[in-house]
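Step one of this worksheet: look at the structure below.
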Protein chains: 2
Amino acid sequence: MFCLASASTIDRILDSAELLFAEQGFHSTTLRQITQSAEVNLAAVNYHFGSKQALILAVFRRRLDALNAARLERLDEALAPEEPPQLEAVLDAFVHPALALSHGRDAVGHRFMRILMHAFADRDDQLHRALSAEYAHVMRRFAAAIATALPGVEKKSLRRQLDFIVGALTHTMAECSVKDARAVANDLVQFAAAGLRSAVSSPAMDGAVCTLEMH
Amino acid sequence: MFCLASASTIDRILDSAELLFAEQGFHSTTLRQITQSAEVNLAAVNYHFGSKQALILAVFRRRLDALNAARLERLDEALAPEEPPQLEAVLDAFVHPALALSHGRDAVGHRFMRILMHAFADRDDQLHRALSAEYAHVMRRFAAAIATALPGVEKKSLRRQLDFIVGALTHTMAECSVKDARAVANDLVQFAAAGLRSAVSSPAMDGAVCTLEMH
DNA sequence: ACCCGATTGAAACACCTGTTTGAATCCTAG
DNA sequence: CTAGGATTCAAACAGGTGTTTCAATCGGGT
């Protein structure tokens with residue numbers, strides 16, 4: 001049967017791996033660093049997870065599932081009271097759950113944003129599949145919510161602007177100090193809301209938004 | 001004296017390294033992959049650059065210098081005619097030179113954005129020093145230019161929003177297909193301009209921009 | 001023509017990587 | 001209490017890493 005006493009070993013490995021992956025990336029982090037930091041035997045990783053790649057996916061999924069579940073939950077809250085929802089409330093539902101991962105005194109949210117950044121940068125196919133499999137559904141729901149909050153926005157343009165928000169979120173949350181994280185999230189919501197509104201207020205300008213073109 | 005015939009070897013190494021670094025990151029790319037792709041001997045890297053780390057910095061600086069020089073040049077053009085400058089023109093000067101790196105048919109700009117992404121994600125101290133040493137000056141100049149184009153914006157808030165723009169730029173330009181790059185840049189300029197303007201239009205709201213707070 | 005520094009080449013270096021093995025230990029179900 | 005599967009442990013494995021070495025080759029200056 002499953003012995004829950006061993007969960008201690010598994011969790012120690014996951015925690016240590018998460019910390020080291022966030023700081024050094026996946027490839028630069030060795031199993032010996034992880035097992036030493038977790039105070040478990042080197043073979044424990046391959047015994048409990050099968051391979052280093054499987055450990056990476058496990059570390060990744062543990063937080064991403066929780067993050068996206070929290071996002072959808074807050075999105076439902078934002079969508080419930082009014083129709084159409086307020087744009088800032090929708091963006092809040094996307095941005096702020098990244099902070100909520102940090103329960104207690106440790107900055108799990110901050111760490112996971114660093115890991116997300118590594119995942120985006122790496123060209124690891126398995127990781128990208130896991131990422132988009134989990135993200136695609138969430139992105140679609142948020143795109144739909146924004147589309148109702150902001151009628152008239154183009155689909156392709158909206159998708160692109162969501163990428164702007166994801167990029168800005170991961171970049172700044174991974175870099176900023178932990179105590180600034182909430183202020184960063186608040187600023188980003190305002191920034192993104194204004195950016196999104198600007199696309200719908202000036203219709204029929206697609207592809208020629210700037211007066212300056214390159215030589 | 002310097003024999004220019006050897007520049008062929010050095011450039012072949014730099015080109016191959018740049019391509020592989022962009023695709024796989026720094027640590028995952030081996031010297032044997034690089035030298036095999038460049039069709040030079042394995043020892044050539046350590047002979048011409050001293051170490052793999054020095055090669056990484058060389059690949060990095062070659063483009064970053066050109067990128068930031070092009071940015072400052074375009075910024076001067078935007079600042080010359082009018083005082084205060086138009087906000088979109090300033091943002092254009094920051095965003096569009098990333099595309100201009102791609103001369104000819106190959107997408108150097110796109111590749112370098114991927115490398116930038118890896119550099120941001122990695123916690124390589126030397127790389128970060130090189131990055132901020134080169135970027136700090138440029139960022140200061142753009143922050144000043146935006147401040148004159150948008151009087152009343154707070155310094156701390158502006159710095160944060162510049163990080164949003166950098167994050168959105170690297171994330172989307174590294175991910176998007178090459179032919180979409182220009183459209184992405186145009187959209188980003190509009191998006192960022194609106195975001196920046198929103199911070200100054202509603203003063204005295206710092207730290208409480210969202211009505212929704214976490215639990 | 002020769003010589004000598006600059007460059008290339010093939011091989012080896014010492015070290016580190018993820019993974020596997022098989023015995024020792026733990027822990028619980030019967 | 002004991003049998004047996006789950007878990008830990010130390011050690012080794014095969015392969016890959018960046019780097020070094022030293023002989024071979026190149027190429028221009030006196």
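None of the values given here were measured: they were computed from a predicted structure. Residue numbering restarts at 1 for every chain, and letters A, B, ... go by the order of the sequence lines.
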Next on the checklist: Which heavy atom of B:Ala119 sits nearest to which heavy atom of B:Leu131, and what is that distance?
Outcome noted: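 Looking at all heavy atoms of both residues, the closest pair is CB-CD1, 4.0 Å.
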Distances under 3.5 Å between protein N/O atoms and the N/O atoms of nucleotides 18-21 of chain C, please, pair by pair.
| from | atom 1 | to | atom 2 | distance (Å) |
| --- | --- | --- | --- | --- |
| C:dG18 | OP1 | A:Lys52 | NZ | 2.8 |
| C:dG18 | OP2 | A:Leu31 | N | 2.9 |
| C:dG18 | N7 | A:Arg32 | NH1 | 2.9 |
| C:dG18 | O6 | A:Arg32 | NH2 | 2.9 |
| C:dT19 | OP2 | A:Asn46 | OD1 | 3.2 |
| C:dT19 | OP2 | A:Lys52 | N | 2.8 |
| C:dT19 | O5' | A:Asn46 | OD1 | 3.4 |

Do [Y] and [X] meet the salt-bridge criterion of a basic N to acidic O distance under 4.0 Å?
X: B:Arg61; Y: B:Glu134; answer: no
X: B:Arg141; Y: B:Asp76; answer: yes
X: A:Asp122; Y: B:Arg114; answer: no

Item to check | A:Leu19 side chain near A:Gln24 side chain, heavy-atom distance below 4.5 Å | outcome: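 A:Leu19 does not reach A:Gln24 side chain to side chain.
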Next on the checklist: If we check side-chain contact (heavy atoms from CB on, under 4.5 Å) with A:Val59, which of these qualifies: A:Ile13, A:Leu20, A:Ile34, A:Leu14?
Outcome noted: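 Only match with A:Val59 under side-chain contact (heavy atoms from CB on, under 4.5 Å): A:Leu14.
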Next on the checklist: Suppose we screen for side-chain hydrogen bond (donor to acceptor under 3.5 Å, both in side chains). Which residues come up paired with B:Ser37, at least two apart in sequence or across chains?
Outcome noted: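 Applying side-chain hydrogen bond (donor to acceptor under 3.5 Å, both in side chains) to B:Ser37 gives B:Ser16.
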Calculate the interatomic distance between [X] atom [atom1] and [N] atom [atom2]; express it in whole Å.
X: B:Gln36; N: D:dG18; atom1: CD; atom2: P; answer: 13 Å
X: B:Leu55; N: D:dT17; atom1: CG; atom2: P; answer: 15 Å
X: A:Gln24; N: C:dT17; atom1: CD; atom2: C1'; answer: 14 Å

Checklist outcome for this item: Pairs under 3.5 Å (Watson-Crick or G-U), crossing ones as [ ], inter-strand ones as |: DNA chain C comes out as ..||||||||||||||||||||||||||||
Next on the checklist: Strictly below 4.0 Å: does A:His48 bring a side-chain N or O up to OP1 or OP2 of D:dT8?
Outcome noted: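 For A:His48, the contact criterion (side-chain N or O under 4.0 Å from OP1 or OP2 of D:dT8) is met.
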Next on the checklist: Any side-chain N or O of B:Thr9 below 4.0 angstrom from OP1/OP2 of C:dT7?
Outcome noted: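 The answer is no; no side-chain N or O of B:Thr9 sits under 4.0 Å from OP1 or OP2.
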Checklist entry - Can the ring centroids of A:His171 and B:Phe120 be said to lie less than 6.0 angstrom from one another? => result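 That pair passes the under 6.0 Å test.
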